[in-house]
Amino acid sequence: PKPACMESVMSLSLQVCAQLCRRPCYCPWVPPHCPRGSPLVLDGCGCCKICARRLGEPCDFLHVCDQSQGLVCDYSTAPAGTGGTCNFEDDEEGCEVNGRVYRDGEVFQPSCKLQCRCLDGGFTCIPLCQEDVRLPTPDCPYPRRVEIPGKCCPEWICEAQDQHLLRDARAVSPVLPYPCQEWGTEWSACSATCGVGFATRVSNQNRFCRLETQRRLCVVRPCPALPAAFPPVS
């Protein structure tokens, strides 16, 4: 078969292609072991399997870029006669997560607990597991959230410990029929991306041992100063 010249290197002459592509193919018996996010593809001659080059990595006619990620070998900034760099074909911004490149606007799941979206070179994620709260009850005085083998999201379980203490507490105190065990969720992300915001959590660390929503001030980073054309806001 004729050599398969890639679209990203159409500027190369047929004579150069013929010099680089030899027939028959002589390939290693064992395919190369590629890093995460770099699939096995045919080289520029359509002969041997190689690891596709990723975003920002060097490339040339033989060492092709990962076309499944929309990458091509960009020779625009390379000196004449040298290789190029893997880049998006239309210079569209993307993001790289765990060795894989996602296009701008693409939705993906880096894990079963998160769903993310690539946006303007970065990415934002939302949790897929519910952050519900289970209150202690007489039949479940010690609720605990644990990881279950084979399941992605943690689940609540009831630990049957200190049952005799629970029975004694019911007889003595009808208001609090179980021992108070401190419990609380992690603090949430700050409500403001710049300037002063607040974070929240649910906790029973108070004098009544009751679950309540607590708040605290937080500052991720200072907000940029307003342009001189705008008057300061009091």
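Being a predicted model, the structure only gives us computed values, none of them experimental.
In this structure the side chain of Phe123 reaches within 4.5 angstrom of the side chain of Cys125, judged on heavy atoms. Val72 is not listed as a side-chain neighbour of Gln67, based on a closest heavy-atom distance of 4.5 Å or more. Looking only at side-chain heavy atoms (C-beta outward), Val196 and Leu217 come within less than 4.5 Å of each other. Residues Phe88 and Arg103 form a side-chain contact, since some pair of their non-hydrogen atoms from C-beta on lies under 4.5 Å apart. Taking 4.5 Å as the limit, every side-chain heavy atom of Phe198 sits out of range of all side-chain heavy atoms of Cys190. Taking the side chain as every heavy atom from C-beta outward, Leu62 and Cys45 approach each other to under 4.5 Å. In this structure, Leu40 and Pro31 have side chains that are in contact, with non-hydrogen atoms separated by less than 4.5 Å.
The CD1 atom of Ile126 sits 8.5 Å away from the SG atom of Cys116 when rounded to the nearest 0.5 Å. Note that the CD atom of Glu155 and the CZ atom of Arg145 stand 9.0 Å from one another [nearest 0.5 Å]. One finds the CD atom of Gln214 at 4.5 Å from the OG atom of Ser203 (value rounded to the nearest 0.5 Å). Between atom CD1 of residue Ile157 and atom CZ of residue Arg144 there is a gap of 4.5 Å, rounded to the nearest 0.5 Å. Of the inter-residue distances, the one linking Cys95 atom SG with Arg100 atom CZ reads 11.0 Å to the nearest 0.5 angstrom.
Checked by atom type and distance alone, the side chain of Arg53 pairs as donor or acceptor with a backbone atom of Pro58 at under 3.5 Å. A donor-acceptor pair is defined here as one N or O able to donate and one able to accept, closer than 3.5 Å; such a pair exists between the side chain of Ser188 and the backbone of Thr200. Counting only distance, with no hydrogens or angles, the side chain of Thr185 and the backbone of Val202 share a donor-acceptor pair below 3.5 Å.
Smallest separation of non-hydrogen atoms from Ala192 and Gly197: CB-CA, 4.0 Å. In plain terms, the two heavy atoms of Ser191 and Cys218 that are nearest each other are N-SG, 4.4 Å. For the pair Val64 and Ile50, the tightest heavy-atom approach, listed with the atom from each and the gap, is N-CD1, 4.0 Å.
Here the two cysteines Cys158 and Cys140 have their SG atoms closer than 2.5 angstrom. For the cysteine pair Cys48 and Cys25, the distance separating the two SG atoms is not below 2.5 Å. Cys47 does not pair with Cys21 as a disulfide, the SG atoms being 2.5 Å or more apart. For a disulfide, the SG atoms of both cysteines must be under 2.5 angstrom apart; this holds for Cys59 and Cys73. Cys pair Cys153 and Cys129 passes the test of SG atoms under 2.5 Å apart.
Arg216 forms a cation-pi arrangement with Trp187, by the criterion of a distance under 6.0 Å to the ring centre and an angle within 45° of the ring axis.
Side-chain contact, Ser76 with Asp74: a donor N or O sits under 3.5 Å from an acceptor N or O.
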(request) Verify side chain to side chain contact (heavy atoms under 4.5 Å, CB included) between Leu114 and Gln109, making sure each step is shown before the conclusion. (result) CA-CA 6 Å; Leu114 292 175; Gln109 286 187 222; over 6 Å; no
(message) One pair to check against side chain to side chain contact (heavy atoms under 4.5 Å, CB included): Asn87 and Leu55. What are the steps and the verdict?
(response) CA-CA 6 Å; Asn87 201 352; Leu55 180 66; 4.1 Å; yes
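Comment: Glu57 engages Arg54 in a salt bridge, judged by a side-chain N to carboxylate O separation of less than 4.0 angstrom. With respect to Lys113 and Glu147, a salt bridge is recorded, a charged nitrogen being found less than 4.0 Å from a carboxylate O.
No chain of hydrophobic side-chain contacts below 4.5 Å, direct or via other Ile, Leu, Val, Met, Phe, Trp or Tyr residues, connects Val107 to Tyr102.
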